Amino acid sequence: MIRIDTHAHVFSKQDQCIATARYNPDYDATVEQYIQHLDAHGFTHGVLVQPSFLGTNNQAMLTAIRQYPQRLKGIAVVHPHISILELADLKSKGIVGIRLNLFGISVPDLSQAQWKMLIHNLEQLDLQLELHAPPAYLIQILPMLNTSKIEVVIDHFGRALPQLGLDDPDYQKFLSLLDVKQHWIKISGYYRLGAAPENIETAQKAYRLLKEKGFLHKMIWGSDWPHTQHESIVSYQQVLDAFHQIVPFAEEQDLVLGQNAAKLFHF
């Protein structure tokens, strides 16, 4: 049975971090370690996501995918002016989408020519767009994308802010903007929603709200391994155990880990 972890990172402490990085890891997260986690927990496939601190140098991820091309795919970070030929080359190497990590930067104006061309090229190549952003940003970005034909994947429950929770007016507006025909939600990184054990409760409530909105078939799970900036408080086993608390019914677990993710990532 296919089971997919849709969000993990690989890198080395020797990798050159970008000058504006908010975090610089002092350890290695190797593809061999990640594959061991997949095998130990019954996962057949994984999706690697380019970490923000490596910028647009996707080489570590591409090298990892090349080692396990049948099991791994990736989400790249690119310059908005990247050409369609460069995107096609990334796709040929196992990349299935690009990521916009908007923490620490301004909301991009997607009506600008370079962004419009990028979105057009993503449509042409059937590449998805992954958004990692706080609710206040998501409510600005999602309307700019609602006429596009790309699949939009939203990281970590939409990153409700720990100090405001799900009652935050921006998070509530984010929920109101969701369109089951275009959007996917990663129910991952629950520990980024606040302190334990409240973060589990917040994630459980968010999951129920998303189910009520008809997103049962549009939710996917990722371990967020190696849990950057939270390495000391969670492990792969713990995040998987938390998933079973957030999604308590076996039939729904099978959908999230299997059918949903396989459809989105073309495994």
Side-chain angles (χ1 to χ4, degrees), residues 1-15 23 25-51 53-54 58 60-75 93-97 99 130 132 153 155-157 184-193 196-197 199-200 203-204 207 219-267:
M1 182 173 70
I2 193 167
R3 281 166 57 96
I4 305 166
D5 173 356
T6 71
H7 195 107
H9 311 287
V10 293
F11 50 82
S12 162
K13 60 178 177 285
Q14 273 78 46
D15 291 333
Y23 170 76
D26 60 357
Y27 63 94
D28 297 337
T30 69
V31 67
E32 291 80 13
Q33 291 170 323
Y34 180 54
I35 291 292
Q36 288 172 7
H37 283 303
L38 294 183
D39 290 345
H41 296 94
F43 285 92
T44 54
H45 301 83
V47 180
L48 299 176
V49 177
Q50 174 75 346
F53 49 80
L54 295 183
N58 298 283
M61 178 176 60
L62 293 172
T63 299
I65 295 170
R66 189 166 64 244
Q67 291 176 251
Y68 297 91
Q70 302 306 313
R71 298 189 68 180
L72 301 178
K73 295 187 179 183
I75 301 293
K93 295 173 179 175
I95 296 301
V96 292
R99 187 189 204 203
E130 181 176 298
H132 184 217
V153 183
D155 277 353
H156 306 328
F157 294 92
W184 297 76
I185 310 288
K186 283 187 180 177
I187 53 170
S188 55
Y190 71 93
Y191 43 84
R192 302 185 187 277
L193 304 179
N199 51 27
I200 291 275
Q204 289 171 322
Y207 177 73
M219 285 188 275
I220 54 180
W221 178 82
S223 64
D224 197 25
W225 183 85
H227 328 294
T228 53
Q229 300 184 70
H230 295 77
E231 299 93 341
S232 63
I233 61 170
V234 290
S235 65
Y236 202 105
Q237 184 63 60
Q238 284 174 289
V239 296
L240 192 55
D241 290 344
F243 166 73
H244 288 95
Q245 290 180 258
I246 295 163
V247 184
F249 303 112
E251 183 177 329
E252 294 177 7
Q253 293 168 7
D254 290 343
L255 272 176
V256 172
L257 298 180
Q259 178 182 312
N260 295 357
K263 181 179 179 182
L264 175 62
F265 291 101
H266 308 298
F267 278 113

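Remember, it's a predicted structure, so these values are computed and weren't measured experimentally. If you read the sequence from its start, that first residue is 1, and numbering goes on from there.
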Report task. Of all the heavy-atom pairs spanning Ala29 and His9, show the shortest one and how long it is. Result ->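 Looking at all heavy atoms of both residues, the closest pair is CB-O, 4.0 Å.
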
Report task. Output every pair passing salt bridge (charged side-chain N to carboxylate O under 4.0 Å, His left out) with a member in residues 250-262, not counting sequence neighbours, ordered by first then second residue. Result ->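 As it turns out, the salt bridge (charged side-chain N to carboxylate O under 4.0 Å, His left out) pairs with a partner in residues 250-262, which skip direct neighbours, are Lys211-Glu252.
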
Query raised in the report: What salt bridge (charged side-chain N to carboxylate O under 4.0 Å, His left out) pairs are there with at least one residue in residues 28-38, not counting sequence neighbours?
Result: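 For residues 28-38: Lys13-Asp28.
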
When rounded to the nearest 0.5 angstrom, what distance separates [atom1] in [X] from [atom2] in [Y]?
X     : Y      : atom1 : atom2 : result
His41 : Ser223 : NE2   : OG    : 9.5 Å
Asp5  : Leu38  : CG    : CG    : 6.0 Å
Ile4  : Thr44  : CD1   : OG1   : 6.0 Å

Report task. Only counting residues at least two apart or in another chain, list the ones meeting side chain to side chain donor-acceptor pair (under 3.5 Å) with Gln50. Result ->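 With neighbours one apart ignored, the set is empty.
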
Report task. Please identify each residue that fulfils side chain to side chain donor-acceptor pair (under 3.5 Å) with His156, with sequence neighbours left out. Result ->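 Listed in chain order: Ser188.
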
Query raised in the report: Do the charged groups of Asp155 and Arg192 touch, with an N to O distance under 4.0 Å?
Result: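 No, this pair does not count.
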
Just by distance, do the side chain of [X] and the backbone of [Y] share a donor-acceptor pair under 3.5 Å?
X      : Y      : value
His230 : Pro226 : no
Lys186 : Thr6   : yes
His45  : Leu72  : no
Glu130 : Gly97  : no
Arg99  : Ile75  : no

Query raised in the report: Does a side chain donor of either Gln237 or Asp241 reach within less than 3.5 Å of an acceptor in the other side chain?
Result: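 Side chains of Gln237 and Asp241: pair found under 3.5 Å.
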
Query raised in the report: Just checking, any donor-acceptor pair under 3.5 angstrom between side chains of Gln204 and Tyr190?
Result: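 No, no side-chain donor-acceptor pair sits under 3.5 Å.
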
Flag side-chain contact, heavy atom, 4.5 Å: [X] against [Y]:
X      : Y      : answer
Thr63  : Val31  : no
Ile200 : Leu193 : no
Asn58  : Met61  : yes
Val239 : Asp224 : no
Val47  : His7   : no

Report task. Apply side chain to side chain contact (heavy atoms under 4.5 Å, CB included) to Leu240 and Phe43, showing your working. Result -> CA-CA 11 Å; Leu240 192 55; Phe43 285 92; 3.9 Å; yes

**Report entry** Test log, rule side chain to side chain contact (heavy atoms under 4.5 Å, CB included), inputs Arg71 and Ile35
**Finding:** CA-CA 9 Å; Arg71 298 189 68 180; Ile35 291 292; 3.7 Å; yes

Query raised in the report: Quick check: are there more than 12 heavy atoms from other residues, nucleotides or ligands sitting under 6.0 Å from CD of Gln14?
Result: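 Enclosed.
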
Could you list the donor-acceptor pairs under 3.5 angstrom formed between side-chain atoms of residues 255-267 and any protein atom two or more places apart in sequence or on another chain?
from	atom 1	to	atom 2	distance (Å)
Asn260	ND2	Leu216	O	2.9
Asn260	ND2	Met219	O	2.8

Query raised in the report: Given Val10 and Thr30, is the side chain to side chain contact (heavy atoms under 4.5 Å, CB included) satisfied, shown in steps?
Result: CA-CA 5 Å; Val10 293; Thr30 69; over 6 Å; no

Requested in this report: Might you work through the side chain to side chain contact (heavy atoms under 4.5 Å, CB included) test for Ile187 and Ile220, ending with a clear yes or no?
Outcome: CA-CA 6 Å; Ile187 53 170; Ile220 54 180; over 6 Å; no

Report task. For a ring-ring contact (aromatic ring centres under 6.0 Å, His included) with Trp225, tell me which candidate from Tyr34, Phe11, Tyr236 qualifies. Result ->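 Only one of Tyr34, Phe11, Tyr236 forms a ring-ring contact (aromatic ring centres under 6.0 Å, His included) with Trp225, namely Tyr34.
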
Query raised in the report: Does any pair with a residue in residues 240-259 pass ring pair (Phe, Tyr, Trp, His ring centres under 6.0 Å), and if so which ones, sequence neighbours excluded?
Result: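 Those involving residues 240-259 are Trp221-Phe243.
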
